[in-house]
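Numbered from 1 within each chain, the chains take letters A, B, ... in sequence-line order. Note that these values count all heavy atoms, side chains included, but never hydrogens, waters or copies made by symmetry.
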Amino acid sequence: MHDPRALVDMGADAVRRLARRGYTLDLEGLEDLLSRRNKSIHRADELRAESKRVAQEVQSAARQGADTGELKQRARDIKDEIRDVEAEQEQLAGRLNELMLGIPNLPLDTAPDGDSEDFAVEVRRHGDPPTFAFPPKDHVDLGEALGILDFGRATKLSGPRFSVARGAGARLERGLAAYFLDLHTRRHGYVEHSVPFLVTPATMTGTGQLPKFEEDLFKTGTNNRDLYLIPTAEVPLANLHAEEILDAGDLPLAYTAYTPCFRSEAGSYGKDTRGLIRLHQFAKVEMVRFCAPEESQRELETMVGHAEACLAGLGLPYRVVTLAAGDMGFSAQLTYDIEVYLPGQGRYREISSCSDCGTFQARRARIRSRDKDGKRGLVATLNGSGLPIGRTVAAILENNQRADGSVVMPPALVPYLGFHTIAADGTPQV
RNA sequence: GGAGGGCUCGCCUAGUGGCCGAUGGCGCCGGUCUUGAAAACCGGUAAGGGGAAACUCUUCGUGGGUUCGAAUCCCACGCCCUCCGCCA
């Protein structure tokens, strides 16, 4: 969310930047609504001040034994008027809030033009796509042949877009999670958290999923409580400090959590229906950082580095791209995607998304800081995947497959797995 | 699910209808003193809205209500604690 005043002051520049992501800002409408709300606030303030004065007069009149009947009547009249003005004020404030909650973050000018992934600009590449002396299989064929992935039974249990991992496959998932968490906590300075997977509407609003994207979420309504399943650990992690004032000296804060993620994938019918790429439930290690707003762009570079370290450590070829202004998430002002090479598809696919949200989420969730001089301000929030387990499993299987159908594990992972190869029959080779 | 107790400005705490946006202590910040530090003493120290500013309004868990006037009275809800039941 933006400060409505700041948006109005930015004027045409705000309109231009929002237009880059396909949002048409009605600047005059906003200005008008803001000024009407402010006038209403001012009027209500005046009336309340008057009402206080009259109450004082009643008291002093009563002390002197004078008749208070007339004064009391006047106070009652003022109260009625206050009621009316406050109702108007509430209505205007509600409309303004609703409008503000629906305006996406302002893309930085460093984000390229465009409205889809086709306009992403490559920043750098790491590693080379492997070459095979045989036609490489995709992770579904590999995983099912090895008996470590079972999509058929997942569908039996829950319908499409779910997965079951078995034996060495399940162990691979668990090992990856431990590997990523160790990397972030021991080498990158993140504090590991274990967080709720069900959160309130207010929490979902803090990070920007609500009110606009409810259809992307799974919702529960048990015992008259509306709770949503988290689509990413970014939601509980970034909201940890909602309504708080952090000590500026403690920044930056770096948090990580390993959680399942639940996404309805509404509107993606027929897209990536095969395999581990797009599921209703997947597991992910997430990174979240809180920092001073002026540090956020540098912090984003740092965080991308942490995500890259995950891939580099596993020996997976990847590239980093800057997302186009119109392709970024609602809360982001700049996003880098990391794409891993998938031999089964013969191309790079998104495996991590690292976003600088500036103060956009902090204003929604009211996450502030106070420096030594007592000066208060909003913090900046950043989030990045580091990394999703399913897509990483797919990348390892496809990149490390051998002609006989066996798969070699990345050396860095061996201590976490207890085996170095998954044999063609699915047996882990110690 | 049942019974009781609680929720005040970072923490603890005073406050049972008006001069209370709210007492005191701790903590924190600044100053005096000191070679420096500690101690002592003095001063400051909640958040938010509106306003260029002066200033003003709101907030004592949340929402309603009574009243000219509510931290204080009434109602509902939420959260926390203790005990009972159930449960991983």
Side-chain angles (χ1 to χ4, degrees), chain A residues 1-11 30-101 194-203 205-206 220-227 236 239-251 253 260 290 359 361-379:
Chain A
M1 184 158 57
H2 302 286
D3 175 356
R5 184 60 175 274
L7 213 53
V8 166
D9 288 348
M10 253 187 275
L30 173 63
E31 217 166 340
D32 178 61
L33 189 54
L34 181 63
S35 105
R36 281 201 289 150
R37 182 202 63 157
N38 289 352
K39 283 201 182 93
S40 185
I41 287 173
H42 188 69
R43 178 74 186 132
D45 277 6
E46 276 178 351
L47 286 169
R48 274 189 294 260
E50 174 70 6
S51 150
K52 279 184 170 179
R53 263 195 303 278
V54 175
Q56 294 290 325
E57 285 170 30
V58 170
Q59 193 190 180
S60 48
R63 278 225 190 97
Q64 290 162 19
D67 175 45
T68 58
E70 204 176 304
L71 279 171
K72 285 187 181 180
Q73 185 52 50
R74 204 172 132 221
R76 273 191 289 267
D77 292 344
I78 293 171
K79 200 162 105 175
D80 287 343
E81 217 179 322
I82 290 176
R83 219 185 287 272
D84 291 347
V85 177
E86 279 183 343
E88 178 199 57
Q89 183 193 322
E90 207 168 307
Q91 201 251 348
L92 290 169
R95 275 173 57 194
L96 180 65
N97 195 246
E98 205 179 317
L99 174 66
M100 294 312 296
L101 282 174
S194 171
V195 293
F197 308 150
L198 285 163
V199 299
T200 61
T203 299
T205 305
T220 68
T222 309
N223 297 331
N224 282 329
R225 294 171 73 186
D226 281 350
L227 290 173
N239 278 289
L240 273 177
H241 294 301
E243 312 286 334
E244 293 181 21
I245 301 181
L246 304 169
D247 189 337
D250 292 340
L251 300 177
L253 298 175
F290 302 84
T359 57
Q361 293 180 325
R363 188 170 286 103
R364 291 175 158 247
R366 299 168 51 80
I367 310 168
R368 291 163 296 169
S369 67
R370 177 168 30 219
D371 67 17
K372 270 211 294 280
D373 304 323
K375 238 186 84 183
R376 268 165 279 115
L378 293 164
V379 302

Using a cut-off of 6.0 Å, state whether more than 12 heavy atoms not belonging to Glu90(A) lie near its atom CD. no
Would you indicate which nucleotide in [options] comes nearest to any side-chain atom of [X]?
{"X": "Arg5(A)", "options": "G65(B), C57(B), G51(B)", "result": "G51(B)"}
{"X": "Lys52(A)", "options": "G48(B), C68(B), U58(B)", "result": "U58(B)"}
{"X": "Ala49(A)", "options": "G69(B), U56(B), A47(B)", "result": "U56(B)"}
{"X": "Ala55(A)", "options": "G49(B), U67(B), G18(B)", "result": "G18(B)"}
{"X": "Gln59(A)", "options": "C68(B), G18(B), G51(B)", "result": "G18(B)"}
{"X": "Arg370(A)", "options": "A46(B), G65(B), U56(B)", "result": "A46(B)"}
{"X": "Arg48(A)", "options": "G50(B), C57(B), G18(B)", "result": "C57(B)"}
{"X": "Asn38(A)", "options": "G65(B), C68(B), G51(B)", "result": "G51(B)"}

Write down the distance separating the [atom1] atoms in [N] and [M], rounded off to the nearest Å.
{"N": "U82(B)", "M": "C77(B)", "atom1": "P", "result": "23 Å"}
{"N": "U67(B)", "M": "G18(B)", "atom1": "C1'", "result": "12 Å"}
{"N": "G21(B)", "M": "C60(B)", "atom1": "C1'", "result": "9 Å"}
{"N": "A22(B)", "M": "U56(B)", "atom1": "P", "result": "12 Å"}
{"N": "U23(B)", "M": "U45(B)", "atom1": "C1'", "result": "15 Å"}
{"N": "G36(B)", "M": "C55(B)", "atom1": "P", "result": "39 Å"}
{"N": "C20(B)", "M": "A39(B)", "atom1": "C1'", "result": "35 Å"}
{"N": "U66(B)", "M": "U8(B)", "atom1": "P", "result": "27 Å"}

RNA chain B: Ala44(A) or Val54(A), which has the more 5' nearest nucleotide?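 Result: Ala44(A).
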Want to settle it: does Ala75(A) or Gln56(A) sit nearer the 5' end of RNA chain B, counting the closest nucleotide to each? Gln56(A)
Whole angstrom value for the distance that separates [atom2] of [N] from [atom1] of [X]:
{"X": "Leu71(A)", "N": "C68(B)", "atom1": "CG", "atom2": "C1'", "answer": "8 Å"}
{"X": "Asp3(A)", "N": "G51(B)", "atom1": "CG", "atom2": "P", "answer": "10 Å"}
{"X": "Lys39(A)", "N": "G49(B)", "atom1": "NZ", "atom2": "C1'", "answer": "17 Å"}
{"X": "Ile245(A)", "N": "C11(B)", "atom1": "CD1", "atom2": "C1'", "answer": "15 Å"}
{"X": "Arg83(A)", "N": "G64(B)", "atom1": "CZ", "atom2": "P", "answer": "11 Å"}
{"X": "Asp9(A)", "N": "G51(B)", "atom1": "CG", "atom2": "C1'", "answer": "14 Å"}
{"X": "Glu243(A)", "N": "A46(B)", "atom1": "CD", "atom2": "C1'", "answer": "15 Å"}
{"X": "Met1(A)", "N": "G49(B)", "atom1": "CE", "atom2": "P", "answer": "11 Å"}

Could you check which nucleotide pairs with [N] in any of the strands shown, counting Watson-Crick or G-U wobble with both distances under 3.5 Å?
{"N": "U35(B)", "value": "none"}
{"N": "A54(B)", "value": "none"}
{"N": "G17(B)", "value": "none"}
{"N": "A70(B)", "value": "none"}
{"N": "C9(B)", "value": "none"}
{"N": "A3(B)", "value": "U82(B)"}
{"N": "A76(B)", "value": "U62(B)"}

Strictly below 4.0 Å, N to O, side chains only: are [X] and [Y] in salt-bridge contact?
{"X": "Asp77(A)", "Y": "Arg74(A)", "answer": "no"}
{"X": "Glu98(A)", "Y": "Arg95(A)", "answer": "no"}
{"X": "Asp80(A)", "Y": "Arg76(A)", "answer": "no"}
{"X": "Glu88(A)", "Y": "Arg36(A)", "answer": "no"}
{"X": "Lys79(A)", "Y": "Glu86(A)", "answer": "no"}

Would you say G48(B) has OP1 or OP2 under 4.0 Å from some side-chain N or O of Arg366(A)? no
Look only at the side chain of Asn239(A) and the backbone of Thr203(A), and say whether a donor-acceptor pair between them is shorter than 3.5 Å.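 Looks like yes, one N/O pair under 3.5 Å.
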Using a distance-only criterion (donor-acceptor N/O pair, under 3.5 Å, no hydrogens), is the base of G49(B) paired with the side chain of Asp45(A)?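 Indeed, a donor on one side and an acceptor on the other fall under 3.5 Å apart.
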Is Arg225(A) touching bases, backbone alone, or none of the nucleic acid, heavy atoms closer than 4.0 Å?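 Arg225(A): no heavy atom of the nucleic acid under 4.0 Å.
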Across the strands shown, which category fits Arg74(A) at heavy-atom distances under 4.0 angstrom: base, sugar-phosphate, nothing? nothing
Is any side-chain heavy atom of Met100(A) less than 4.5 Å from a side-chain heavy atom of Leu30(A)?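 Yes, their side chains come closer than 4.5 Å.
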